[in-house]
Each structure stands twice: as structure tokens, then as C-alpha cells.
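Everything on this sheet refers to the single structure shown next.
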Amino acid sequence: GKVYLPMPRAKFERLQGSLTRKREGNFQPHLELATYQAHFDGQHLTAGEAKLRIVREGEVPAFLSWGETNLAIRSATWESQPPHAARWGGNPTGEIGVLVDTKADLKLAWQLTGDPRPGQPPEFNLILPPALVSRLTITAAANLRLQASEGYVWEEPPQPIGEQRTWQVSLGGRERV
């Protein structure tokens, strides 16, 4: 069956507002699906990639805020034909995000450093861009176990090599893990 995860009230109201703006012809882009992948190297989440499905109507470019994300984003590329660099960074009000000027998925390269803990692997407090649905895939050494404060976590079946484990975290609409 389907798994439904709760959505924070503020997010619901923001989405409801965007539907109202759409009816009024003032539709802002929103992040429909975000999939994140990274490798845990013992200290950091490295080689991070994200694919963001952004819903946009109309031809007028618009700014999409990434909220309070703490990902160290190295690059952003539209997966259009041909692929091209996205214009991203801060807007005049100080929000970080991307200028949505095309109808294509956005690919991000990112990394994140964890908070050190003596004698234990670091702890990560991910803050992701607000999306209707977010999914996270982490690969790590086979002797480690992934725990998440939010979402639904499961391990993929072990690979024949056995030196790595892959974990999936389904976050629903949650932004913080």
C-alpha cells in the first residue's frame, strides 16, 4: 500500500497559496520532487548529487527559494537540451535559490560536513530545499548503520561486493533530517 507522511501546516498553506496564485495567473514555481544521493566517507557526505523536478507555468522567469538549506552546493545545471548552468545564489532579500527560466529538471552537485562526536561517526542535520516529496540515498561502509530523526529509512539489499551498504530515506514533504 501507499505510505502517507505528515506535512507541516506551513508547507500545506504555502502550497495552497500557490494553487490560489495559479488560478489568479500569478503562479510561482515550486519543487515537486527532490532526490538526493551522497556517499558517507566517515566524516562527510561527499559526491552529493540532487535532481530537482521543478513545476513552472508560463514563460516569465521566476525565483525559487531553497529555504534555509545547509547543503554546500557546488554547481547547478539545467538538464535541458543542451544542458546549461543555472543562475543561482541570493536574491535582493537574502534568500538563496535559483532563477527558474526553463522547463527542465535541475541537477545539483553538493556536499555536507557533519558535526563531530567523540568516538562516534559525525551527526548530520540536513536542511533540504522545500519540496512536496524528498528522497535521500546514502552509501556508507558496511559496518555502519544509518538512523534518521525523520522519514522512513530502509536498507537496500546488500551488493555482492559487500564493502558498502546503501540506505534509502523517504522524507515525504519534510525538509529537516
Side-chain angles (χ1 to χ4, degrees), residues 3 5-8 11 29-55 63-80 83-90 95-100 102 104-177:
V3 176
L5 299 173
M7 178 183 291
K11 176 175 273 192
H30 67 274
L31 186 49
E32 181 178 73
L33 174 65
T35 56
Y36 302 90
Q37 298 178 356
H39 173 74
F40 175 61
D41 68 3
Q43 296 297 318
H44 313 279
L45 291 176
T46 63
E49 290 188 5
K51 186 172 183 177
L52 309 179
R53 184 181 309 147
I54 298 170
V55 175
F63 183 78
L64 173 65
S65 174
W66 287 339
E68 300 174 12
T69 187
N70 64 349
L71 300 178
I73 299 170
R74 295 181 316 212
S75 67
T77 306
W78 291 110
E79 292 189 317
S80 56
H84 65 281
R87 293 190 293 178
W88 62 282
E95 291 179 292
I96 302 296
V98 63
L99 182 65
V100 181
T102 189
D105 288 344
L106 184 65
K107 185 177 179 180
L108 303 178
W110 63 275
Q111 62 188 30
L112 187 65
T113 299
D115 297 326
R117 300 183 306 167
Q120 297 180 23
E123 181 174 274
F124 292 90
N125 295 305
L126 277 81
I127 304 173
L128 304 171
L132 289 175
V133 176
S134 293
R135 296 183 192 126
L136 175 64
T137 302
I138 302 288
T139 58
N143 65 329
L144 296 177
R145 179 169 174 79
L146 179 74
Q147 294 179 331
S149 60
E150 298 286 340
Y152 177 71
V153 179
W154 72 95
E155 180 185 3
E156 288 187 356
Q159 299 299 315
I161 298 172
E163 296 176 14
Q164 301 259 319
R165 291 169 90 171
T166 301
W167 298 91
Q168 298 284 335
V169 183
S170 179
L171 299 168
R174 293 179 181 92
E175 300 165 23
R176 295 174 184 261
V177 181

Residue of the set L45, N70, T69 for which side-chain contact (heavy atoms from CB on, under 4.5 Å) holds with W110: L45
Pair W66-L108, side chain to side chain contact (heavy atoms under 4.5 Å, CB included): steps then yes or no: CA-CA 12 Å; W66 287 339; L108 303 178; 4.0 Å; yes
Evaluation steps, side chain to side chain contact (heavy atoms under 4.5 Å, CB included), between R165 and E155: CA-CA 7 Å; R165 291 169 90 171; E155 180 185 3; 2.8 Å; yes
Which residues share a side-chain hydrogen bond (donor to acceptor under 3.5 Å, both in side chains) with [X], sequence neighbours left out:
| X | result |
| --- | --- |
| R176 | E68 |
| S80 | H84 |
| T102 | none |

Residue list, side chain to side chain contact (heavy atoms under 4.5 Å, CB included) with A148, at least two apart or on another chain: V153, V169, V177
Contacts of type side chain to side chain contact (heavy atoms under 4.5 Å, CB included), residue E95, not counting sequence neighbours: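 Testing E95 for side chain to side chain contact (heavy atoms under 4.5 Å, CB included), a comparison that skips the adjacent residues, returns F63, S65, N91, T93.
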Pairs meeting criterion side-chain hydrogen bond (donor to acceptor under 3.5 Å, both in side chains) with involvement of residues 115-131, two or more places apart: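 Sorted result for residues 115-131: D115-N125, R117-Q120.
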Which residues share a ring-ring contact (aromatic ring centres under 6.0 Å, His included) with F124, sequence neighbours left out: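 Result, ring-ring contact (aromatic ring centres under 6.0 Å, His included) vs F124: F40.
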For a quick test of your reading: what N or O donor-acceptor pairs under 3.5 Å do the side chains of residues 132-147 make, sequence neighbours left out?
unit_1	atom_1	unit_2	atom_2	d
T137	OG1	Q168	OE1	2.9
T137	OG1	Q168	NE2	3.1
T139	OG1	H39	ND1	2.9

Minimum heavy-atom distance G67-P130, with the two atoms named: N-CD, 3.9 Å
Heavy-atom closest pair, residues L99 and W78: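 Nearest pair, atom of L99 first, then W78: O-CZ2, 3.6 Å.
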Salt bridge (charged side-chain N to carboxylate O under 4.0 Å, His left out) contacts touching residues 70-79 (sequence neighbours left out):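 Sorted pair list: K51-E79.
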